[in-house]
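Below is one structure, written out as structure tokens; comments come after it.
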Amino acid sequence: MPDTIAFSGSPLDRAAVLRRDGGWLERQLADPAARFLPLWNLDALVKLGNPRSLAWARLSLFEDVDFSPDPILLGLDGEVAHFAVDVSPLEDPLVALGLEGAAKFEELRSIGNELPREEIAVVAHARSLTNWHQRHRHCAVCGETTISVMGGVQRRCADCGAEHFPRTDPVAIAAIVRGDRCLLGRGPGWPDTMYSALAGFVEPGETIEEAVRREVWEESGVVVGNVRYVQSQPWPFPSSLMIGCIGEALTEELTIDRAELLDARWFTRDEIRAALDGAPGPLVVPPPFAIAHHLMRAWVEAQDG
Ligand SMILES: [Zn+2]
């Protein structure tokens, strides 16, 4: 398994202690060296040309916009503060910010293979946090307005004082194996030959292992015994944490829940190895930026070893 998987490995220090100091935050915002990444409808600003890279801006870029940006402190690179700025209120942000011909707002999935790994991780962080701020402007306790505090790692209700924290939604994802075969499923809207590891949200009152067993039973009718954690991955669409496991099946017969899966099948190790290596054939598996790819490879290579 790779040490750093896509969307992880941000080089920024999140400055958990320093950001408690309001005066320090004000100085970072005013520092001419500070860098600001604009996001528009959760798409990040990327420079045109090759190689692609994020288009960090200075705060002065936002001087003439007709809304009050509330920058989110992503962290520090050395002593330089890096912020995300949500410019979604702008109808035509490239024109409003004077960036036509220099940069473009890009969807994270479409630039996942073009930007350096560290920049993808920064965008993933910025995207999840910006989405959370957009959706939590009102207090879940009393309904009044909330304000961003500590540089955006919390929101606080201006009326009742309740503190609200960014969401991270745990998803258990598992390669289910039995002998020389692995169970994979195909979701609605996927290409005909694409299959992946089964996955589902961990529910309240469940362990990760229980979530794997329940999801696999509900979706495929297969009974799972031992479940082993392998690796996790932040999944910023909008803010999941994929918890990757390998589970040992105790049964093989399939009873597919067609509301969740179009199909599920047992594939052999040779079929999965060929698909992982990109060989043309009857099976396509997710690319290396998805944890499912690494779970399958971990199983195939353990069998090989
Ligand atoms: Zn409140």
Side-chain angles (χ1 to χ4, degrees), residues 7-8 10 12-31 34-45 57 59 61-63 65-76 81-91 93 96 105 108 121-172 200-208 211 232 234-243:
F7 309 126
S8 74
S10 168
L12 299 180
D13 166 1
R14 297 188 184 209
V17 174
L18 286 167
R19 68 167 71 230
R20 294 177 195 154
D21 177 349
W24 179 84
L25 270 174
E26 289 296 321
R27 290 195 295 281
Q28 302 314 305
L29 277 168
D31 185 345
R35 303 173 83 197
F36 296 81
L37 180 66
L39 282 93
W40 184 69
N41 294 339
L42 302 181
D43 293 350
L45 190 65
L59 190 59
L61 184 73
F62 311 102
E63 270 172 1
V65 300
D66 58 358
F67 71 100
S68 300
D70 201 359
I72 299 166
L73 177 63
L74 299 173
L76 297 170
H82 286 59
F83 294 87
V85 180
D86 184 8
V87 298
S88 301
L90 298 174
E91 199 167 308
F105 287 93
L108 178 53
V122 169
V123 176
H125 179 198
R127 188 186 197 283
S128 288
L129 212 45
T130 300
N131 177 262
W132 177 75
H133 281 279
Q134 288 175 347
R135 290 164 174 266
H136 291 79
R137 290 184 176 136
H138 292 92
C139 178
V141 179
C142 76
E144 289 300 322
T145 305
T146 59
I147 51 170
S148 174
V149 294
M150 289 173 54
V153 291
Q154 283 182 34
R155 294 185 75 87
R156 188 170 297 147
C157 178
D159 192 53
C160 78
E163 293 175 336
H164 302 282
F165 297 87
R167 289 179 62 140
T168 298
D169 302 322
V171 174
F201 287 106
V202 180
E203 295 189 353
E206 270 185 333
T207 64
I208 296 163
S232 63
W235 191 254
F237 307 102
S239 55
S240 292
L241 175 66
M242 308 300 284
I243 304 167

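Remember, it's 1-based here, ligands and their atoms both numbered in the order they're listed.
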_Min side-chain heavy-atom separation F36-P71 under 4.5 Å_ = yes
_Quick one, V87 and V65 - any side-chain contact, counting heavy atoms below 4.5 Å?_
no
*Excluding waters, which protein N, O or S atoms are within less than 2.8 Å of the Zn ion (ligand 1)?*
C139 SG, C142 SG, C157 SG, C160 SG
_Side chains of V153 and R19, heavy atoms from C-beta outward: is any pair under 4.5 Å?_
yes
*Parallel, tilted or perpendicular: which fits the ring planes of F105 and W40, with parallel below 30° and perpendicular above 60°?*
tilted
*Scan for side chain to side chain donor-acceptor pair (under 3.5 Å) pairs involving residues 137-154, sequence neighbours excluded, and state none if there are none.*
T146-R155
_Trace of the side chain to side chain contact (heavy atoms under 4.5 Å, CB included) decision for L108 with F237_ = CA-CA 9 Å; L108 178 53; F237 307 102; 4.0 Å; yes
